[in-house]
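Take a look at the structure below.
First the proteins, then the strands, lettered A, B, ... as listed; each starts at 1. It should be emphasised that the depicted structure is a prediction, and the values quoted were computed from it without experimental measurement.
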Number of protein chains: 2
Amino acid sequence: MEAFRAKGYEGTSVQDLVAATGVGRGSLYAAFGSKEGLYLAAMDRYREKHALPLIGILRAGAPARELIREVLLGTVDVIAQDGSRRACLIVGAAMERISHDPTVAAHVRATTTSLEDALYEVIVEARSKGELPAGRSPRDLARYLIATLHGLRVLGAINPDRASLTAVAEVALDALG
Amino acid sequence: MEAFRAKGYEGTSVQDLVAATGVGRGSLYAAFGSKEGLYLAAMDRYREKHALPLIGILRAGAPARELIREVLLGTVDVIAQDGSRRACLIVGAAMERISHDPTVAAHVRATTTSLEDALYEVIVEARSKGELPAGRSPRDLARYLIATLHGLRVLGAINPDRASLTAVAEVALDALG
DNA sequence: CATTATCTGGAACGAGGAGTCAACAAAGCC
DNA sequence: GGCTTTGTTGACTCCTCGTTCCAGATAATG
């Protein structure tokens, strides 16, 4: 997973993967079938380690704006720690692989959709409690927040400066109304 | 440029570039020195064709919010027309190449910075005319809009649906205050 | 402990990668 | 129109790619 994050799919050779895992070539193929299989497994692991925790935050039940701020700032944190050395596997896959590999496309869509749905539910509930003003549709707001997360990833790859990224996240929250 | 947009840097072979340009291998090397040289030239061309027109819009002198809306919706337009077949060269470079190639990093930063500066100036001027309320710093707002543009590109790669993208762009405008 | 079944990892394969080069064609110059 | 210069070409080299395979190590079983 780390190898793919650092070099992308095409840029990572099987030799790189052997070195990164410490596992022999044949074993890798026995376990995953192909380079693509290993890539898909890496995406699953990425989802577990990075997307599911965000969804967990959203299910914690605090005021919506705080939950969403936590998700955005948590992402800023991860980006600022990594520097630009390791990209987001999902955004990387979206840019590099999605038009060539339907299976990768399905994984990317599944991961982003699950996060989008969690955001959607938080927003709907907050609206019903009057925590957030009525305005844009919850679905559009959820998608907007997904776009913001992706935007932060790209911005962070270009310039992983914590202060800038934090400021951008705060501005993004203003759009919730 | 189109070849790199469709397949990324590592995914595009020199043979692909020969086919895409109709120019022989040797000539390509004589003109650009290396695959990387051709990539940098493609980035320059991408900047001319896609970033400079956006800057041109921002210098047109209309009300700030209208100019910024035009930039966002214009980007949505490009994405919706392309589908996800051709990615943004800048975002692709940011994800795939920026940590491995300082020259590419410089090109990416130069392109995004010039757009960010144009946004910044529009915002500062609008503030001075009272078109936009005081609030977040103009620099943060400009960076936020850059992040939004990147977010739209990634969102569009995953799901190039014009209606969703347009809605996201409209939500993003709300953050201007 | 012997035997079987499973797993490991480096050598080997064909394919295709980036980059080079000498022969050839086109264009510019007197 | 020769002569030089510049540009083009595609076959060629060497290398690395993803994948396969098999001899040997390891683990499991009775």
Side-chain angles (χ1 to χ4, degrees), chain A residues 1-47 85-108, chain B residues 1-46 48 85-87 89-90 92-108:
Chain A
M1 185 179 82
E2 298 305 332
F4 282 128
R5 287 183 64 188
K7 299 195 176 187
Y9 180 78
E10 295 281 2
T12 303
S13 68
V14 174
Q15 192 54 46
D16 292 335
L17 297 167
V18 167
T21 57
V23 172
R25 259 177 138 71
S27 308
L28 238 42
Y29 274 89
F32 300 103
S34 66
K35 184 183 172 184
E36 193 207 328
L38 182 44
Y39 187 66
L40 293 171
M43 292 189 67
D44 284 340
R45 193 164 175 74
Y46 187 84
R47 181 182 178 179
R85 291 184 303 279
R86 295 184 306 165
C88 170
L89 204 55
I90 296 298
V91 175
M95 288 291 108
E96 189 188 355
R97 299 295 308 156
I98 212 167
S99 58
H100 305 293
D101 190 326
T103 314
V104 168
H107 277 243
V108 170
Chain B
M1 185 180 83
E2 299 304 333
F4 281 128
R5 287 182 66 188
K7 297 195 178 189
Y9 180 78
E10 296 282 0
T12 304
S13 70
V14 174
Q15 193 53 47
D16 291 335
L17 297 166
V18 168
T21 58
V23 173
R25 238 178 154 70
S27 308
L28 238 42
Y29 274 90
F32 299 102
S34 65
K35 183 183 172 183
E36 192 207 327
L38 182 45
Y39 187 65
L40 293 171
M43 291 189 68
D44 284 340
R45 193 164 175 74
Y46 187 84
E48 272 176 41
R85 291 183 303 278
R86 296 183 306 164
L89 205 54
I90 298 296
M95 288 290 108
E96 189 188 355
R97 300 294 309 157
I98 212 167
S99 58
H100 306 293
D101 191 326
T103 315
V104 167
H107 276 242
V108 169

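- Counting heavy atoms from C-beta outward, Leu38(A) and Lys35(A) have side chains that stay 4.5 Å or more apart.
- We find that CD of Glu36(A) is positioned 14 Å from C1' of dT19(D), with the value rounded to whole Å.
- Contacts of Arg5(B) classified as salt bridge (charged side-chain N to carboxylate O under 4.0 Å, His left out), with partners at least two apart in sequence or in another chain: Glu2(B), Asp82(B).
- Smallest separation of non-hydrogen atoms from Glu96(B) and Glu10(B): OE2-N, 2.9 Å.
- For the pair Lys7(A) NZ and dT16(D) C1', the computed distance is 12 Å after rounding to whole Å.
- Taking atom CG of Leu28(B) as the reference point, atom P of dT9(D) lies 10 Å away to the nearest angstrom.
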Exercise for the section: Take nucleotides 8-14 of chain C nucleotide by nucleotide from the 5' end and write B, S or -, depending on whether a protein heavy atom sits under 4.0 Å from the base, only from the sugar-phosphate, or from neither. Expected result: SBBB---
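- Between the side chain of Asp44(B) and the backbone N or O of Ala41(B) there is no donor-acceptor pair closer than 3.5 Å.
- Across residues 10-17 of chain A, Thr12(A), Ser13(A), Val14(A) each have a non-hydrogen atom less than 4.0 Å from an atom of DNA chain D (numbered order).
- Between Ala3(B) and Leu17(B), the shortest heavy-atom contact is CB-CD2, 4.0 Å.
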Protein and nucleotides 25-28 of chain D: nitrogen or oxygen contacts under 3.5 angstrom:
none

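- Side-chain atoms of Lys7(B) never come within 3.5 Å of backbone atoms of His100(A) as a donor-acceptor pair (strictly under, hydrogens ignored).
- Looking at residues two or more places apart in sequence or on another chain, you find no side-chain hydrogen bond (donor to acceptor under 3.5 Å, both in side chains) involving Thr21(B).
- The main-chain N or O of Gly8(B) is found under 3.5 Å from a side-chain atom of Thr12(B) such that the two form a donor-acceptor pair.
- Not counting sequence neighbours, Tyr9(B) has no partner by the side-chain hydrogen bond (donor to acceptor under 3.5 Å, both in side chains) test.
- Whole-Å rounding puts the Phe32(B) CZ to dT8(D) P distance at 10 Å.
- The interatomic distance linking Lys35(B) (NZ) with dG17(C) (C1') rounds to 8 Å, in whole Å.
- Salt bridge status for Glu36(A) with Arg97(A): absent, with no side-chain N to carboxylate O gap under 4.0 Å.
- Put simply, OG1 on Thr103(A) and OH on Tyr39(A) are 12.0 Å apart, with the number rounded to the nearest 0.5 Å.
- The OH atom of Tyr29(A) sits 9 Å away from the C1' atom of dT20(D) (whole-angstrom rounding).
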